[in-house]
Amino acid sequence: MLNTKMIGNRIAEARKKTNLSQAQLAERLFISPQAVGKWERGESMPDITTFNRLAEILGVDLNYFSEHIQTQATELASPDPLIKQSDELLFKKAEKRPSWDMSLGNWVDADFSGLKNLHEKFSSSNMQRCKFIGSNLSGLLLKTNNVDSCDFSNSDISSSQIQTSNLANNIFRNCLLKETGFSKSHIKDCDFSGSNFTGADFKKSNYVESCDFSSSDITNSHIQGSSFANNIFKNCSLEETEFSESHINGCDFSDADFTGVRFKSGAFVNNTMANAVWNRTSFIGMQIDDVVFNGILEDSYFENCTFKRVTFQNSTLTNTFFKNNSLFKSRGLKGLQFIDCQADRITYEFLKSGKADVTGIKLLAS
């Protein structure tokens, strides 16, 4: 049988050499300090997967544990060679089962391109100028990380969680980020162009600044309680995406598709939207300032919004409603300007009833 006392002594020796306390080792293994204490006293023993993680954290090879066991077996002259074979097989199995745990690391100029099976183990790390090109990072947990100037191009990061992290100057070009969640993170100067964010969530106080999302697919996503400033969304698909309680400022949405997009209880300020598609788009309780709408707006509506320096230029508005309840009626639609626009009868009448200046609108022929 495996000598738990001798293994415990080995664990204690290696832990002390790396200047780790029992509590610190336990934290990195996601177990209790009491469990580490039991190992070192020989009262219990790690399982196969944990042996592998122990070896990585303590900077030893698995043979560090197995060789000593084999020596003890020889010294005791065990009459049953099957016991020794069983011990050796245990550690061989452990060696064949990689369990990547790169948490609490300081990774600089490392090349992890093509990495697989990382899954959730990459938290509380500092990563600078690392390469993850073409890697499978699906199901990744990035929690409390600093990630700077790394290249994740063409990687699968779908179904991952990026929490309370700082991401700056990274390349995520052509990445798969489907159903990935971002929360309480600061993301700046990153290149997400050509990426797939279908079903992604940006929730709980994200700040996204000066990033490039050009030609990305951001359909069916949720952006809640977040700030987006000076980002590029050129030629993006945003179909059926919801922005709620979010501040969108200084972004370029040229040629973007806003079909079915819902804006609720936030701000949409100083954004560029040349040739954007507006179909079934809704703005509810929004502050809309310093923007120009052009092109066709169809089956869209603006409800209980405030407008400052908002211009519709060379626009055609059909079945598009502007209405405010009693709290907003006093403000009216005076912040709207129409230049060389056309509208159907029902849209025109909604604007008139809201006291908008409709002199720049011509009625469409019925």
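Sequential numbering from 1 along the given sequence is applied to the chain's residues.
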Practice problem: Determine the sole option in D109, N169, D151 for which the side chain to side chain donor-acceptor pair (under 3.5 Å) test with R129 is passed. | Solution: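 Testing each of D109, N169, D151 against R129, the sole residue satisfying side chain to side chain donor-acceptor pair (under 3.5 Å) is D109.
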Indicate yes or no: at least one non-hydrogen side-chain atom of [X] is less than 4.5 angstrom from one of [Y].
X: S216; Y: C236; result: yes
X: D212; Y: F233; result: no
X: K143; Y: Q161; result: no

Quiz prompt | Minimum heavy-atom distance between S135 and G114, given as atom pair plus value | solution =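 Scanning both residues completely, I find the closest heavy atoms to be OG-N, 3.1 Å.
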Quiz item: Which atom names give the shortest non-hydrogen contact between I248 and N271, and what distance separates them?
Solution: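 The answer is O-ND2, 3.1 Å.
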Self-check item: Among F243, F283, F253, the one residue meeting ring pair (Phe, Tyr, Trp, His ring centres under 6.0 Å) with F258
Solution: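 Between F258 and the candidates, ring pair (Phe, Tyr, Trp, His ring centres under 6.0 Å) is satisfied uniquely by F253.
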Quiz item: Looking at F293, F350, F268, which one forms a ring pair (Phe, Tyr, Trp, His ring centres under 6.0 Å) with F302?
Solution: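 So the option named by the test is F293.
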According to a 4.5 Å side-chain heavy-atom criterion applied to Ile, Leu, Val, Met, Phe, Trp and Tyr, with indirect links allowed, do [X] and [Y] form part of one hydrophobic cluster?
X: I339; Y: L336; answer: no
X: F112; Y: L167; answer: yes
X: L20; Y: W39; answer: yes

Quiz prompt | No-hydrogen, no-angle side-chain donor-acceptor test under 3.5 Å, D255 and N235 | solution =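 There is no such pair (donor and acceptor under 3.5 Å, judged by atom type) between the side chains of D255 and N235.
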Self-check item: Side-chain donor-acceptor pair present, N126, N146, cut-off under 3.5 Å
Solution: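 There is such a pair between these side chains.
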Gap separating the [atom1] atom of [X] from the [atom2] atom of [Y], nearest 0.5 angstrom:
X: I157; Y: L176; atom1: CD1; atom2: CG; answer: 8.5 Å
X: S226; Y: K203; atom1: OG; atom2: NZ; answer: 10.0 Å
X: L317; Y: L351; atom1: CG; atom2: CG; answer: 7.0 Å
X: T359; Y: Q337; atom1: OG1; atom2: CD; answer: 8.5 Å
X: D191; Y: C175; atom1: CG; atom2: SG; answer: 9.5 Å
X: T259; Y: E298; atom1: OG1; atom2: CD; answer: 9.5 Å

Classify the ring geometry of [X] against [Y]: parallel below 30°, tilted from 30° to 60°, perpendicular beyond 60°.
X: F197; Y: F202; answer: tilted
X: F192; Y: F172; answer: parallel
X: F322; Y: F338; answer: perpendicular

Quiz item: Can you list every salt bridge (Lys or Arg N to Asp or Glu O under 4.0 Å) pair that touches residues 214-227, not counting sequence neighbours?
Solution: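 Output for this query is empty, none listed.
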Quiz prompt | Electrostatic pair E13:K17 at N-O distance under 4.0 angstrom | solution =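 Salt bridge between E13 and K17, a charged N being under 4.0 Å from a carboxylate O: no.
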Exercise. Keeping to residues at least two apart or across chains, list the side chain to side chain donor-acceptor pair (under 3.5 Å) pairs with something in residues 278-296.
Key: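 Only E240-R280, Q287-D289, D290-R309 qualify under side chain to side chain donor-acceptor pair (under 3.5 Å).
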